[in-house]
Amino acid sequence: MIEQRLQHLKYITSKDNMALYPDYCNKLEVLREMHYIDEQNNITMKGRVACEMGSNELILTEIIFRNIISNLEPAEISALLSGLVFQAKTEATPNLTTNLKEGIKIVEAINDEIFNLEQKHRVSTSLDAQAKPHLNFGLVEVVYEWGRDKPFADIKELTDVQEGIIVRCIQQLHEILLNIKDASRVFGDPVLHKKMEDVSNAIKRDIVFAASLYTQKDAGLIVS
């Protein structure tokens, strides 16, 4: 009885009793095949960069290491990356530059590649086709024009999306830019660091980053 009790306790405290352990191992296989970790599970440079990302870690890291944004203008970079944060529905058809059209195709291909790799290794979040990471490029033109210093009153006319959603999307996009900027220090890329700083400065302005959208200044008084 003591032996049986001992075996039971060993099982309870072992990895075999961890419900998520198999999925953890599957995700390690994905990371290993994508070279985020080596054969001994030591983190690689790509893995260190991915750790700097707050969300969309794999696709953002692949975008960086494949130099997808290296030849894009600041406004184009912000527009392309908006597809990772925009989630609302829109019926508007964006008018895109040639660079943005090509960039979207590449990002969608990377997204499919990651999803197929997760399915190959039976990662639980990818076993259902509906779990495929969602990309939405419906606000690309809006963000592109915002990055080109267009007034908010003008860009909101380019879409049927509510103003608050546009503001939220640009704010979330700014967080991604800061993450990439920090990641550039990890592998020592001053060019990428400077480019992300330029993109960040281009979109962080005016009403989108005001302290309060319900506060205005009038004759030296703050009216809420």
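Since the model is a prediction, treat every value here as computed from it, not as a measurement.
The minimum heavy-atom distance linking L58 with M34 is given by the pair CD1-SD, 4.3 Å. Listed here is the closest heavy atom pair of E57 and A50: CG-O, 3.6 Å. Here the closest heavy-atom approach between residue E145 and residue I155 is recorded as CB-CG2, 3.9 Å. When all heavy atoms are compared, the tightest approach of A88 to N136 is O-ND2, 2.8 Å. When all heavy atoms of A92 and P94 are compared, the pair lying nearest together is O-CD, 3.5 Å. Contact between G147 and A202 at its shortest, heavy atoms only, is O-CB, 3.8 Å.
K46 has its side chain within reach of E62: a pair of non-hydrogen atoms, C-beta onward, lies under 4.5 Å apart. In this structure, the side chains of V199 and K181 stay at 4.5 Å or more apart for every pair of heavy atoms. No side-chain heavy atom of L80 sits less than 4.5 Å from a side-chain heavy atom of V140. The closest side-chain heavy-atom distance from I170 to H174 is not below 4.5 Å. Contact annotation: the side chain of L192 approaches that of I69 to within less than 4.5 Å [non-hydrogen atoms, C-beta and beyond]. Two residues are said to be in side-chain contact when any heavy atoms from C-beta on lie closer than 4.5 Å; F152 and I166 meet this criterion. Side-chain contact between I2 and R5: absent, with no pair of heavy atoms (C-beta onward) separated by less than 4.5 Å. Within the 4.5 Å cutoff, no side-chain heavy atoms of L100 are placed close to those of F137.
Rounding to the nearest 0.5 angstrom, the gap separating the CD1 atom in I165 from the NZ atom in K156 is 14.0 Å. For the atom pair CE (M53) and CD1 (I64), the distance works out to 3.5 Å, reported to the nearest 0.5 Å. For the atom pair CD1 of I68 and CD1 of I77, the computed distance is 11.5 Å after rounding to the nearest 0.5 Å. Between the CZ atom in R32 and the SG atom in C25 there is a gap of 9.0 Å [rounded to 0.5 Å]. Separation of atoms OG1 (T97) and CD (E76) is listed at 4.5 Å; rounding is to 0.5 Å. For the atom pair CG of N26 and OH of Y21, the computed distance is 10.5 Å after rounding to the nearest 0.5 Å.
For H121, there are no ring-ring contact (aromatic ring centres under 6.0 Å, His included) partners, not counting sequence neighbours. Shown here are the side chain to side chain contact (heavy atoms under 4.5 Å, CB included) partners of D206, two or more places apart in sequence or in another chain: W146.
I43 and L28 are assigned to two separate hydrophobic clusters, defined by single-linkage of ILVMFWY side chains at heavy-atom distances under 4.5 Å. When hydrophobic clusters are built by joining Ile, Leu, Val, Met, Phe, Trp and Tyr residues whose side-chain heavy atoms come closer than 4.5 Å, directly or via intermediates, L81 is grouped together with I106. Hydrophobic clustering keeps V186 apart from L178 (ILVMFWY residues linked when any side-chain heavy atoms are closer than 4.5 Å, directly or through intermediates).
Checked for salt-bridge contact, R66 and E113 meet the test: a charged N lies under 4.0 Å from a carboxylate O. Between E197 and K194 there is no salt bridge, since no side-chain N of the basic residue sits under 4.0 Å from a carboxylate O of the acidic one. Between E108 and K105 there is no salt bridge, since no side-chain N of the basic residue sits under 4.0 Å from a carboxylate O of the acidic one.
Under the 3.5 Å distance criterion, the side-chain polar atoms of Q171 are matched with a main-chain donor or acceptor of V208. No donor-acceptor pair under 3.5 Å is formed between the side chain of N111 and the backbone N or O of I59. Side-chain N or O atoms of K27 include none that pairs as donor or acceptor with a backbone N or O of V123 at under 3.5 Å. Side-chain atoms of N116 come within 3.5 Å of backbone N or O of D112 as a donor-acceptor pair. Between the N56 side chain and the L60 main chain, no donor and acceptor come within less than 3.5 Å of each other. With hydrogens and angles disregarded, no donor-acceptor distance shorter than 3.5 Å links the side chain of S200 to the backbone of L177. At distances below 3.5 Å, at least one donor-acceptor pair connects side-chain atoms of E141 with backbone N or O atoms of N95.
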**Prompt:** Could you walk me through whether L135 and V107 pass the side-chain contact (heavy atoms from CB on, under 4.5 Å) check?
**Reply:** CA-CA 9 Å; L135 298 176; V107 172; 4.0 Å; yes
**Item:** Criterion side-chain contact (heavy atoms from CB on, under 4.5 Å) on D149 and R205, from CA distance to verdict
**Value:** CA-CA 9 Å; D149 206 30; R205 61 183 177 83; 3.4 Å; yes
**Request:** Please test F86 against V143 for side-chain contact (heavy atoms from CB on, under 4.5 Å), starting from the C-alpha separation and ending with a verdict.
**Result:** CA-CA 10 Å; F86 180 55; V143 177; over 6 Å; no
**Request:** Could you check E118 against I114 for side-chain contact (heavy atoms from CB on, under 4.5 Å), going step by step and ending with a plain yes or no?
**Result:** CA-CA 6 Å; E118 289 178 337; I114 294 173; 4.1 Å; yes
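At most 12 non-hydrogen atoms from other residues, nucleotides or ligands lie less than 6.0 angstrom from CZ of R48. Surrounding CZ of F187 are more than 12 heavy atoms belonging to other residues, nucleotides or ligands, all under 6.0 Å away. In the displayed structure, N42 atom CG is contacted under 6.0 Å by more than 12 heavy atoms of other residues, nucleotides or ligands. In this structure, E91 places its CD atom where only 12 or fewer heavy-atom neighbours from other residues, nucleotides or ligands lie under 6.0 Å away.
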